[in-house]
Amino acid sequence: IISQLIDDPDVKIKLKIQSLIYPALQTLDMDLPSYRDNALLPPLTKSLTVRFWSEYFTTDRSLEKAMLFNQHTPVESAQLFKFVNWSSLLPEIFKKGHLYKSPTHGTSELFKKYPGFLDVRAAPLLADDNKLHSLPVTYVITCQYDVLRDDGIMYVTRLQKAGVRVTHQHFEDGFHGAITYHGFKIGDRIKNHYLSWLNENL
Ligand SMILES: *[C@@H]1O[C@H](CO)[C@@H](O)[C@H](O)[C@H]1NC(C)=O
C-alpha cells in the first residue's frame, strides 16, 4: 500500500523493491478458488481470515457475517470486480474445475457505515491499472495451501500487465505462515529463496 501511495513528488526517497509474503490484498471476493479449496485448512481458515479482515474496519460482527457469505459488496462496487476477476486473472492451473459466478450484491447499508472495506488503502488489488506501473521491482511469495493464494497470484498478473518487473515464487507444498513456524523444511526453503532474491536485487 505504501509503495502505491508514495507516488508523490514531495517524497524524495524512492523504494527500490517491495516484497509480498503470502499477502492479503483484497476484500471484495471472499469466494476465490483458493478460499474454496482451503477454507478449513489451519492455520489460516476462511473464517479466521474474514474475521481479521472485518476487524480492520469494525468490531460490528455484521460485516464479518456478510463477508463470510460473500454478500457484503454493494452495487456501487460493481466496477471494482474487474480487478479481482479470477476468471481472467488466474492462470488455468489454479482455476482447476471451479466455475466463475458473477458477483451478487448485498445492500449498501454496510458500505455506508464502513466504507473502509472497499478503500484501496486497505486492499491494494483494488487499485487502478495506472497506479501500478510505477511500482518498484516486486517479489511475491504464494503458497498452494493458503486461502490468500489467489490474492497474490492475481496481483502478480496485474503487475506484469502493468509492466512491473515481478518475481513470483509459488510453493506447491507451502501453507500460510510457513516462515514463522519452526521445524518445517518448507519454511527454510521459502526463506532461502527469499534471501537469495534479496542478495541479487537489493
Ligand atoms: C470476468 O471475466 C470473465 C471472462 O474473462 C468475463 O466473462 C466476466 O464478464 C468478467 N466479470 C466481471 C465482473 O468482470
Side-chain angles (χ1 to χ4, degrees), residues 1 3-5 7 20 22-39 46-47 49-50 52-54 56-57 62-135 138 140-170 172:
I1 289 161
S3 67
Q4 284 185 4
L5 297 176
D7 193 16
L20 295 87
Y22 26 74
L25 299 169
Q26 61 89 32
T27 43
L28 206 54
D29 190 349
M30 312 314 273
D31 191 34
L32 303 170
S34 56
Y35 271 101
R36 295 180 195 170
D37 288 344
N38 304 300
K46 174 174 175 174
S47 59
T49 312
V50 164
F52 288 155
W53 261 128
S54 64
Y56 275 119
F57 312 109
S62 60
L63 179 63
E64 178 189 350
K65 198 166 164 221
M67 284 178 98
L68 197 58
F69 294 101
N70 219 26
Q71 289 167 351
H72 57 300
T73 62
V75 71
E76 294 93 313
S77 67
Q79 84 291 349
L80 295 175
F81 271 85
K82 59 180 182 294
F83 299 140
V84 299
N85 185 342
W86 62 263
S87 170
S88 57
L89 296 170
L90 274 192
E92 284 306 319
I93 79 162
F94 296 107
K95 297 186 193 168
K96 244 199 352 213
H98 290 288
L99 275 187
Y100 184 76
K101 279 191 301 215
S102 290
T104 46
H105 298 293
T107 67
S108 303
E109 204 183 313
L110 279 170
F111 176 58
K112 289 204 176 103
K113 274 199 210 154
Y114 314 115
F117 77 83
L118 291 180
D119 192 310
V120 65
R121 288 170 296 176
L125 200 55
L126 303 185
D128 266 325
D129 288 332
N130 63 16
K131 293 269 183 258
L132 301 182
H133 66 86
S134 54
L135 291 178
T138 300
V140 182
I141 289 174
T142 55
C143 289
Q144 183 66 12
Y145 300 101
D146 183 0
V147 288
L148 300 173
R149 179 195 73 196
D150 297 344
D151 282 26
I153 298 173
M154 290 196 290
Y155 202 40
V156 168
T157 305
R158 291 200 54 211
L159 292 175
Q160 284 169 338
K161 280 190 187 159
V164 176
R165 222 178 88 211
V166 186
T167 301
H168 178 204
Q169 199 74 53
H170 178 69
E172 270 303 321

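As the structure lists them, so they are numbered: ligands from 1, and atoms in each ligand from 1.
- Classified by interplanar angle (parallel below 30°, tilted 30° to 60°, perpendicular above 60°), the ring pair Phe117/His72 is tilted.
- Between the side chain of Asp128 and the main chain of Asn130, no donor-acceptor pair closer than 3.5 Å is present.
- In this structure, atom 2 (O) of ligand 1 is in close contact with the protein, since a protein heavy atom lies within 4.0 Å of it.
- By the 3.5 Å distance cut-off applied to N or O atoms, Asn85 is counted among the residues near ligand 1.
- For the pair Pro33/Lys96, no side-chain contact is recorded, criterion being any heavy-atom separation below 4.5 Å from C-beta on.
- A ring-centre distance under 6.0 Å is not found for His98 and Tyr35.
- More than 12 heavy-atom neighbours from other residues, nucleotides or ligands sit within 6.0 angstrom of NZ on Lys82.
- Within 4.0 Å of atom 7 (O) of ligand 1, not a single protein heavy atom is present.
- Scanning the protein for heavy atoms near atom 5 (O) of ligand 1, the closest one is Ser88 CB, 3.5 Å.
- Among all protein heavy atoms, the one lying closest to atom 4 (C) of ligand 1 is Ser87 OG, 3.4 Å.
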